[in-house]
Amino acid sequence: MPELPEVETTRQGLAPHLHGRQIAEVVLRRPDLRWPIPREIALQLPGERILAVQRRAKYLLLETAAGAAVVHLGMSGKLSVLPPSTPVRPHDHVDIRLLGRGGRVDAVLRFNDPRRFGCLLWQPLGTVHPLLQTLGPEPLSEAFNADYLFQRSRGRRAPVKTLLMDQRIVVGVGNIYATEALFAAGVSPARAAGRIGHVRYDRIAQEIQRILRKAIQRGGTTLRDFLAPDGVAGYFAQELSAYGRGGKPCQRCGRALRQTVIANRSTVWCVDCQR
DNA sequence: AGGTAAACCTGGACGC
DNA sequence: TGCGTCCAGGTTTACC
């Protein structure tokens, strides 16, 4: 489900409900998601306070004095803050129960993930989980710019879309936003990354940043089922120009958008406007 | 090493 | 209504 804007929307929605709260208990209804949930989640979290809710790439980190719970939503994961009495539904895999002022559990952070491509991992204080060690720069940071993309793309024959979706190159950009940024930049997603010049990478970097920022403003993209923790849908979907519009007219030139598969992912672009 | 395809899993949409 | 097929916002893993 989520790319950077959806994960950031989730973070912003969760933070006010979680910040400073003490964890009473962790309920694991299913011991494994994509990977087994480590014992430390149930052993270390109870009693700790959530000091911050951070995001790195598409991972969310619930930071405590002992370490951080690391959550990835995969394709279908959702986090919600709910009253503790909320009935459990299918695929509600984990509850983190939170204490209120009266010392009683008065809210629960619930992780639901039908496809179980998501994960819940433990990162001891002062360490970086191995999955986070190979990640590239944040796309909204200074480190991500035309110089960087140009340098990392040299010698690469794979399509530029594949490069942009490689989390070792830059994090947070998935199928929707790679498709949209390349449309906006006028660059064909199929073009070999190493055969694109500095000027066009400047455009690509700027469009990625512009589109991600706007999508965050809009609360992310809701295609089927993405909801922020407060249940509100993201409304960037209405601004998509290419993703999901295969066969429909290009908004710039009117010609039908082409849809193919690049690196196993469905890809839409305009053969006239993107070169 | 870089590049590609399969694998993981469930549910919804669609065609017959 | 039911069944088979295809598709989906991600990422690792195995293999050329």
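Model, not experiment: these values are computed from the prediction. Lettering of chains follows the sequences in order, A, B, ..., and the numbering in each one begins at 1.
A salt bridge is defined here as a Lys NZ or Arg NE, NH1 or NH2 lying under 4.0 Å from an Asp or Glu carboxylate O, and Asp95(A) with Arg29(A) meets this definition. Looking at Lys58(A) and Glu3(A), no side-chain N of the basic residue comes within less than 4.0 Å of a carboxylate O on the acidic one, giving no salt bridge.
Clustering of Ile, Leu, Val, Met, Phe, Trp and Tyr by side-chain heavy atoms under 4.5 Å joins Val108(A) with Leu82(A).
Residues Asp230(A) and His17(A) have side chains that never bring a donor and an acceptor to within less than 3.5 angstrom of each other.
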Sort me out a list of protein N/O and nucleotides 14-16 of chain C N/O pairs below 3.5 Å, or just none if empty.
none

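Rounded to whole Å, the distance from CG on Leu73(A) to C1' on dA8(C) is 15 Å. Atom CG in Leu132(A) sits about 15 Å away from atom C1' in dT12(C), given to the nearest Å. When the C1' atom of dG10(C) is taken as reference, atom OH of Tyr59(A) falls 9 Å away, rounded to whole Å. With rounding to whole Å, Asn264(A) atom CG is found 11 Å from dA8(C) atom P. The CD atom of Gln133(A) sits 16 Å away from the C1' atom of dT12(C) (whole-angstrom rounding). Spacing between atom CG of Leu131(A) and atom C1' of dT13(C) amounts to 13 Å, rounded to whole angstrom units. Whole-Å rounding puts the Met165(A) CE to dT12(C) P distance at 13 Å. Look at NZ on Lys78(A): it is 12 Å from C1' on dG9(C), rounded to the nearest Å.
Every residue two or more places apart in sequence or in another chain was checked for a salt bridge (Lys or Arg N to Asp or Glu O under 4.0 Å) with Arg213(A), and none qualifies. For the ring pair (Phe, Tyr, Trp, His ring centres under 6.0 Å) test, residues two or more places apart in sequence or in another chain that qualify with Tyr59(A) are His72(A). Contacts of Phe117(A) classified as side chain to side chain contact (heavy atoms under 4.5 Å, CB included), with partners at least two apart in sequence or in another chain: Met75(A), Arg115(A). Remark: Ala184(A) engages Glu207(A), Arg210(A), Ile211(A) in a side chain to side chain contact (heavy atoms under 4.5 Å, CB included) (not counting sequence neighbours). For the side chain to side chain contact (heavy atoms under 4.5 Å, CB included) test, residues two or more places apart in sequence or in another chain that qualify with Ala143(A) are Pro137(A), Ser141(A).
At the heavy-atom level, Ala263(A) lies nowhere under 4.0 Å from the strands shown. Note on Arg157(A): only backbone sugar-phosphate atoms sit closer than 4.0 angstrom, heavy atoms only; bases stay farther off. Contacts of Tyr243(A) with the nucleic acid, taken as non-hydrogen atoms under 4.0 Å apart, involve only primed sugar atoms and P, OP1 or OP2. Within the 4.0 angstrom heavy-atom criterion, no nucleotide atom of any strand lies near Thr162(A). Nucleic acid contact for Arg34(A): base, since at least one base atom lies under 4.0 Å from a heavy atom of the residue.
Following chains of ILVMFWY side-chain contacts shorter than 4.5 Å, one cannot reach Leu99(A) starting from Ile23(A), and the two form parts of different hydrophobic clusters. Taken together through direct or relayed side-chain contacts under 4.5 Å among Ile, Leu, Val, Met, Phe, Trp and Tyr, Ile176(A) and Ile262(A) form parts of separate hydrophobic clusters.
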Can you list, pair by pair, the side-chain donor-acceptor contacts under 3.5 Å of residues 43-52 of chain A, counting residues two or more places apart and other chains?
{"residue": "Arg49(A)", "atom": "NH1", "partner": "Gly20(A)", "partner atom": "O", "Å": "2.9"}

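A nucleotide of DNA chain B counts as in contact with chain A when one of its atoms lies under 4.0 Å from a heavy atom; the first and last such, 5' to 3', are dG3(B) to dG11(B).
Minimum atom distance to the side chain of Lys58(A) is reached by dT11(C), of the listed dG9(C), dT11(C), dA8(C).
Contacts of residues 111-124 of chain A with DNA chain C (heavy atom under 4.0 Å): Arg115(A), Phe117(A).
Here the separation of dC7(C) from dA5(B), taken at their P atoms, is 15 Å to the nearest Å.
Residue Gln167(A) places at least one side-chain N or O closer than 4.0 Å to OP1 or OP2 of dT11(C). The side chain of His72(A) contributes an N or O atom lying less than 4.0 Å from OP1 or OP2 of dT11(C).
For the pair Arg30(A) and Ile37(A), the tightest heavy-atom approach, listed with the atom from each and the gap, is O-CD1, 3.6 Å.
Counting heavy atoms from C-beta on, the side chains of Cys253(A) and Cys270(A) come closer than 4.5 Å.
Helical stems in DNA chain C, defined as runs of 3 or more consecutive Watson-Crick or G-U wobble pairs with both donor-acceptor distances under 3.5 Å, are listed by first residue as B:2-8 with C:10-16, B:10-16 with C:2-8.
Applying the side chain to side chain donor-acceptor pair (under 3.5 Å) definition to pairs two or more places apart or across chains, those involving residues 172-196 of chain A are Glu6(A)-Tyr177(A), Lys161(A)-Asn175(A), Tyr177(A)-Thr221(A).
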